[in-house]
Participant: 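The structure under discussion is supplied below as structure tokens; questions concerning it will follow.
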Amino acid sequence: MNKSHHTEGLFQKLLSRLGLFLSLCALNACAFLTDPMSTFDAQGPIARSQLNVFWWSIGLSFFLLIAVGGIFFYAIFKFKAKPGQEHLIPEQSHGSTAIEAGLIVVSTLLLLFIIIPNLNSLWLMDAIPESEKNGKEPIEVIAIGHQWWWEFQYPKLGITTANEMHIPAGVPISIKLKSVDVIHSFWVPKLAGKLDVMPGQINWLWLKADQPGEYYGHCVEFCGEAHAYMRFMVHSDTPEAWTQWVDNEKADSTKPKEALAINGKEVFMNGCNACHTVKGTMAAGVIGPNLSHIADRKTLAAGIFEKTDANLYAWLKNPQAMKQGNLMNVASMNLTDRDITALVAYLKSLK
Ligand code: CUA
């Protein structure tokens, strides 16, 4: 095999790989638009302005790629040696002040151009504009990062919940970020973020969801063993659903009525209460997630499981098997299978 054959084979290989890559990209194009954590599906003003910065940056980069690449290929073909003239040295020059000055001016203009959407986005993130309030007071939330779950407090409403944050659609939400241990990061790709959640420092952001819906959030700063499982959800509610949620969260948890659930409460008050709070009972622990109205939540273990009976059971039986690294300690409680079944019944009764 001679050298040119070899290069041709390589070239064909590269082409087919490129074709495969491009088809995968095309397939992915659909996936990244519909993914629950897609930043391309902005559902609020902050995420939209961030997406806008992305598109302007990509557009400008693409323009530069085409322009520089075009000039490059033009030069290759225009100035290549003609047949029989390979020995000739082309005419040499020592630069052109006009071209160099022109390039500096064009580069500066392009930079100024890309600063506009960036500054727009920064100003938007810096404070909630009156135009976004629509005459409504922003809802205040304190989001607290824990290894490895999220606490959400609504200081003006007297509500504390965990891992599933409710907000009214179309109303700006003012969020203070705190951490009780290490650095986490708050991100709801379709709404807003990312912002670090620091111990000993309060960071602030605001967000707004245009429409009612469910949005996925994730911790995006490596924070230890279960970092990858530190998710959360944002439920954007209709005005009626929001009022109903607030009223329910403000109230005490419902008292268990069935015998099994009542039994589960006894088990709960014999250990679980040390770390968890259930509003209206003796349980007032603050180390683990507040479980006051856990029956109304859809997920378990910081958003990583659907909250089914089977998953609740499996979680109480062996949390480490479900979410490696988590800090819930059930081993010391020596729970029997019957205890666990009773606990599941009790947790399901906490509306
Ligand atoms: Cu918390 Cu990563």
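Worth knowing before you read on, the calculation uses all heavy atoms, side chains too, and leaves out hydrogens, waters and symmetry mates. Counting starts at 1 for both ligands and their atoms, in listed order.
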Participant: From atom 2 (Cu) of ligand 1, how many protein N/O/S atoms are found at a distance short of 2.8 Å?
Facilitator: 4
Participant: Check side-chain hydrogen bond (donor to acceptor under 3.5 Å, both in side chains) between Gln320 and all other residues, then give those that pass, not counting sequence neighbours.
Facilitator: none
Participant: Do the rings of His235 and His166 sit parallel, tilted or perpendicular, given the 30° and 60° boundaries?
Facilitator: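 Answer is parallel, since the angle falls under 30°.
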Participant: Using links of under 4.5 Å between side-chain heavy atoms of ILVMFWY residues, direct or through other members, which residues join Leu88 in one cluster?
Facilitator: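 Cluster partners of Leu88: none, it stands alone.
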Participant: Does the ring centre of Trp55 sit less than 6.0 Å away from the ring centre of Phe40?
Facilitator: yes
Participant: For Phe152, check ring pair (Phe, Tyr, Trp, His ring centres under 6.0 Å) against everything at least two apart and list the hits.
Facilitator: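 For Phe152 the ring pair (Phe, Tyr, Trp, His ring centres under 6.0 Å) partners, ignoring immediate neighbours, are Phe232.
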Participant: Would you say Tyr216 and Pro189 make side-chain contact, with heavy atoms under 4.5 Å?
Facilitator: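 With C-beta onward as the side chain, the pair stays apart.
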